Amino acid sequence: MSTPTESDLPRLLRIDTHVATAADNAAVERAELPVVPRIVLHSSPISKWLDWVFRNLLLLCSLSVLGVMGIIFYELTSRSKLSIAKFGLHFFTGQTWDPVAGDFGALPFIYGTLLSSVVALLLAVPLAVGVAIFVTELCPRMLRGVISFTVELLAAIPSVIYGLWGIFVLVPILRLQVQPWLSKYGAWTGLFTGPAYGIGMLAAGIILAIMIVPIIASITREVLVAVPQSQREAVLALGATRWEMVRMAVLRNARAGIMGGIILGLGRAIGETMAVTMLIGNRPEIAKSLFAPGYTMASVIANEFSEATDDLYLSALVEIGLALLIVTVIVNACARLLVWSITRGSSVRSHA
Amino acid sequence: MPSLSKPLSPWRRITNVAFIGLSALASVLVLAPLVAIFGYLLYKGIGSINLAFLTKIPKPVGESGGGMANAIIGSVMILGLGSIFGVPLGIGAGIYLAEFGHGKLVTLVRFTADVLNGVPSIVVGIAAYTMVVLPQQHFSAFAGGVALGIMMVPTIARTTEEMLLMVPNTIREAALGLGIPQWRATLQVTLRTASKGVITGCMLAFARVAGETAPLLFTAFGNQFWNVNPNQPTAALPIQIFSYAISPFDEWHKQAWAGALILIVLIVAAVSAVRIVTSRGTMANNA
C-alpha cells in the first residue's frame with residue numbers, strides 16, 4: 001500500500017467533490033491505482049426530500065405575507081361593490097350619511113381624518129424631531145438609554161388606554177383651562193370658536209400627536225445615527241457650534257429619512273381608531289373650528305359596523321375601509337422607500 | 001502669538017443655547033404625557049382592583065361589584081389563537097427572507113410586510129369579519145385570533161429576518177460542513193443561535209396586538225358571560241375597557257381603569273423583559 005503522492009492530489013480532490021458513480025469505481029479499480037481510503041458522502045433521498053419540503057414550506061410562509069395583503073384587498077373590494085356601483089365617485093364628495101334613507105357620502109369622515117391627522121402632525125413633528133436630536137446628538141450617554149426606552153414605552157401603550165386617559169384627564173383640562181384661553185386669544189383665526197365641549201377635533205388631534213411621536217422619533221433617531229460620524233467631525237472642525245453642526249451635517253443628510261418617518265407617522269394617525277373614536281365626538285359634520293366634534297373614517301367603521309344591518313349600509317362602511325386601506329398602503333409605501341433609501345445597509349428595525 | 005480662535009459671535013452663541021434648550025424641552029414635553037398616563041393609571045387602577053375584579057364576571061348595570069375575569073380569560077384565549085396563527089408563519093417567512101433571501105420575490109415580500117405593518121388594525125378587522133364571521137354567521141374568538149394573527153406576521157417576519165442575518169456565516173458553514181442537512185442546520189444551529197432575538201420579535205408583536213381593540217370589535221365582539229368556546233363570541237380586556245369607558249356609570253369607569261392597569265402591566269412586563277434580554281448583548285457575544 002503506497003501513500004498518495006502530490007501528483008495524485010488533483011484526482012483525489014476530484015473524487016472528494018463529486019459523487020462517485022459505479023462506472024467511476026470500476027474505472028478506478030481497473031487502473032490498479034494505489035488504494036486510497038475514500039469516503040464519499042451521499043445525502044439520503046429522505047433528507048434531500050426533507051430539505052425540499054423545508055424550503056418550500058418556508059417559501060409558503062413568506063408568500064403568505066403577499067397572500068394576506070391580496071386577500072384583504074380582494075375581500076374589501078368585493079364586499080364594497082354594492083356601494084361602489086350605487087354611488088360611484090359621488091361617495092367621496094357626498095356630505096349626507098343617512099343609514100335610514102340609504103344615502104351615504106363619506107366627505108365628513110375624510111375631512112375629519114385629514115384634519116385630525118394634520119393637527120397631530122403639526123404638534124408631533126417638532127417634538128419628535130427634537131427628542132431624536134436630543135437623544136442622538138446632545139444628551140449625556142447615561143440619559144440616552146433612559147429616554148429612548150421611555151419613548152418606546154409610549155409606543156407600547158394601547159390605543160384604548162390613551163382613549164380612557166383622554167376622556168377622564170385630557171378632556172376636562174381642555175374644557176376648563178385650554179379651550180377658554182384659546183378662544184380668548186385665538187378666536188380671530190376661526191379655528192377656536194364655538195362652545196368648549198372638551199371632546200372634539202382638538203382633543204383627537206392632541207391624543208394622536210402623543211401616539212405618533214414615538215414612531216417619528218424612533219425612525220428619526222435611526223436615520224440620524226446612520227449619518228456618518230466624519231460629517232459631524234468635518235463641520236465641528238471648521239469651528240461650528242453644536243446647533244450649526246446639527247443643522248449642516250446631520251439634518252441636511254437625514255432630511256429624506258426624517259420625511260419618511262413623518263409620513264409613516266401620518267399613516268398611523270390616519271388609521272388610528274380607538275382613541276380617536278373615544279375623543280372626537282362622533283358627529284358627521286364639517287366644521288372649521290377645532291372645538292367642534294367631528295368623525296373620522298376609522299371611527300365610523302368602529303362605531304357602526306356591527307350595527308349595520310342592511311347590505312348597502314355594510315357595503316358603504318366596507319368602502320370606507322377600502323379607501324382607508326388604499327391611502328395607508330400608498331402612504332406607507334412612500335415612507336418605507338424614503339427610509340430604506342437612507343438606512344440601506346444598516347438594519348431597519350420594525351417599529352412595533 | 002495671537003490666539004487663532006475668535007470668540008463666538010453673540011448671535012451664534014444664543015442660537016446654539018436656544019437650540020439645545022428647545023430640544024431638551026421637546027424631550028420633557030414628550031415624556032410628560034407618559035408620566036401623566038402611568039401615574040393616573042396607577043392612582044385610579046390600584047384603588048379599583050380587588051379579588052372580585054379578577055375572579056367575577058360583570059354584574060348588570062346598577063349593581064356594584066363584579067369583575068372582568070371572563071375578559072381576562074377571553075383575552076388570553078384570543079391572544080393564544082393569534083399567536084398560533086401568527087408566530088409560525090412569521091418565523092417561517094423570516095427564515096426564508098434571511099436564509100434563501102435574494103431576488104425580486106424576497107424584496108417584494110419584505111416590502112409588503114412593512115406596508116402590511118402600517119395597515120390600520122380596523123381594516124384587518126373588516127377583512128377578518130368578511131373572511132370568518134360572514135361565512136360562519138356568528139362572531140367568535142377564532143375570528144379575533146385570525147385578525148390578531150395577521151397583524152403579528154409582518155413584525156415577527158422582519159425581526160426574525162434581522163436576527164438571523166446577524167448570525168455569522170461561519171456558523172452556517174460549520175453546521176453544513178458536518179454534513180447536517182440544510183433544514184436541520186437552519187433550525188437547530190442558525191435559528192437556535194438567534195433564538196433570543198427571535199423571541200424578542202415575537203414578544204414585541206404580542207405586546208403590540210395585546211392592546212388592540214379595533215380588530216376585535218366585530219370579530220370577537222365581546223361577551224358579558226363566561227365563555228371558553230373559541231367558536232363563540234368572547235369577551236376581551238380591551239373591548240371591555242372601551243365599552244366601560246364610554247358608558248355613563250361611575251362603577252364601570254372604575255372597572256375600566258382597573259382593566260387598563262392590568263393590560264398595561266402585562267404589556268410593560270413583556271416589553272421590559274425584551275429590553276433586558278436584548279440589552280445583555282446576546283447577539284454581540286455570538287458575533
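As the structure is a computational prediction, the values presented were derived from the model and not from experiment. Per chain, numbering begins at 1; letters A, B, ... match sequence-line order.
Interface residue A:L76: only side-chain heavy atoms are found under 4.5 Å from chain B. For a residue to count as touching a neighbouring chain, one of its non-hydrogen atoms must lie under 4.5 Å from one of that chain's; by this rule B:L108 touches chain A with backbone and side chain alike. Looking at A:T328, only its side chain comes within 4.5 Å of chain B, counting heavy atoms on both sides. If you measure heavy-atom distances from A:R79 to chain B, the contacts under 4.5 Å come from the side chain alone. There is no contact between A:L322 and chain B, counting heavy-atom distances below 4.5 Å. With a 4.5 Å cut-off on non-hydrogen atoms, A:L59 touches chain B through its backbone and its side chain both. Contact annotation for A:T150: both backbone and side-chain heavy atoms come within less than 4.5 Å of a heavy atom of chain B. In this structure, the portions of A:R55 lying under 4.5 Å from any heavy atom of chain B include both its backbone and its side chain. For a residue to count as touching a neighbouring chain, one of its non-hydrogen atoms must lie under 4.5 Å from one of that chain's; by this rule A:L127 touches chain B with backbone and side chain alike. Heavy atoms of A:I167 lying under 4.5 Å from chain B belong exclusively to its side chain. Residue B:I37 touches chain A through both its backbone and its side chain, counting heavy-atom pairs closer than 4.5 Å. Of the two parts of A:T241, the backbone and the side chain both hold a non-hydrogen atom closer than 4.5 Å to a non-hydrogen atom of chain B. For B:L41, the part sitting under 4.5 Å from any heavy atom of chain A is the side chain, from C-beta outward, and nothing else. Interface remark: A:I72 contributes backbone and side-chain atoms alike to the contact with chain B (heavy atom separation under 4.5 Å). For a residue to count as touching a neighbouring chain, one of its non-hydrogen atoms must lie under 4.5 Å from one of that chain's; by this rule A:Y162 touches chain B with the side chain only. Contact annotation for B:L165: neither backbone nor side-chain heavy atoms come within less than 4.5 Å of a heavy atom of chain A. Residue A:V65 touches chain B through both its backbone and its side chain, counting heavy-atom pairs closer than 4.5 Å. Of the atoms belonging to B:Y244, not a single heavy atom falls under 4.5 Å from chain A. Contacts of B:V153 with chain A are made by side-chain atoms alone, with heavy-atom separations under 4.5 Å and no backbone atom involved. Looking at B:A113, both its backbone and its side chain come within 4.5 Å of chain A, counting heavy atoms on both sides. Of the two parts of A:V329, the backbone and the side chain both hold a non-hydrogen atom closer than 4.5 Å to a non-hydrogen atom of chain B.
In terms of non-hydrogen atom pairs under 4.5 Å with chain B, the most contact-rich of A:I147, A:L154, A:I320, A:L153 is A:L154. Residue with the most contacts toward chain B among A:L314, A:L50, A:I71, A:L164: A:L164 (heavy-atom pairs, distance under 4.5 Å). Between chain A and the options B:L89, B:L22, B:L263, heavy-atom pairs under 4.5 Å are most frequent for B:L89.
A salt bridge links B:E161 with B:R110: at least one charged nitrogen is closer than 4.0 Å to a carboxylate oxygen.
For B:Y40 and B:W257, the ring centers sit closer than 6.0 Å to each other. B:F139 has its ring centre no less than 6.0 Å from the ring centre of B:F218.
A:N332 and A:R268 form no side-chain donor-acceptor contact under 3.5 Å, judged by distance and modelled atom types alone.
With sequence neighbours excluded, the residues satisfying ring pair (Phe, Tyr, Trp, His ring centres under 6.0 Å) with B:F19 are A:W243. For A:L57, the side chain to side chain contact (heavy atoms under 4.5 Å, CB included) partners are A:V53, not counting sequence neighbours.
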When you look at B:R12 and A:E244, which way does the salt bridge (charged side-chain N to carboxylate O under 4.0 Å, His left out) test go after all the steps? CA-CA 9 Å; B:R12 289 178 64 198; A:E244 285 157 347; 2.7 Å; yes
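Here CE of A:M278 is found 12.5 Å from CG of A:L170. Values are rounded to the nearest 0.5 Å.
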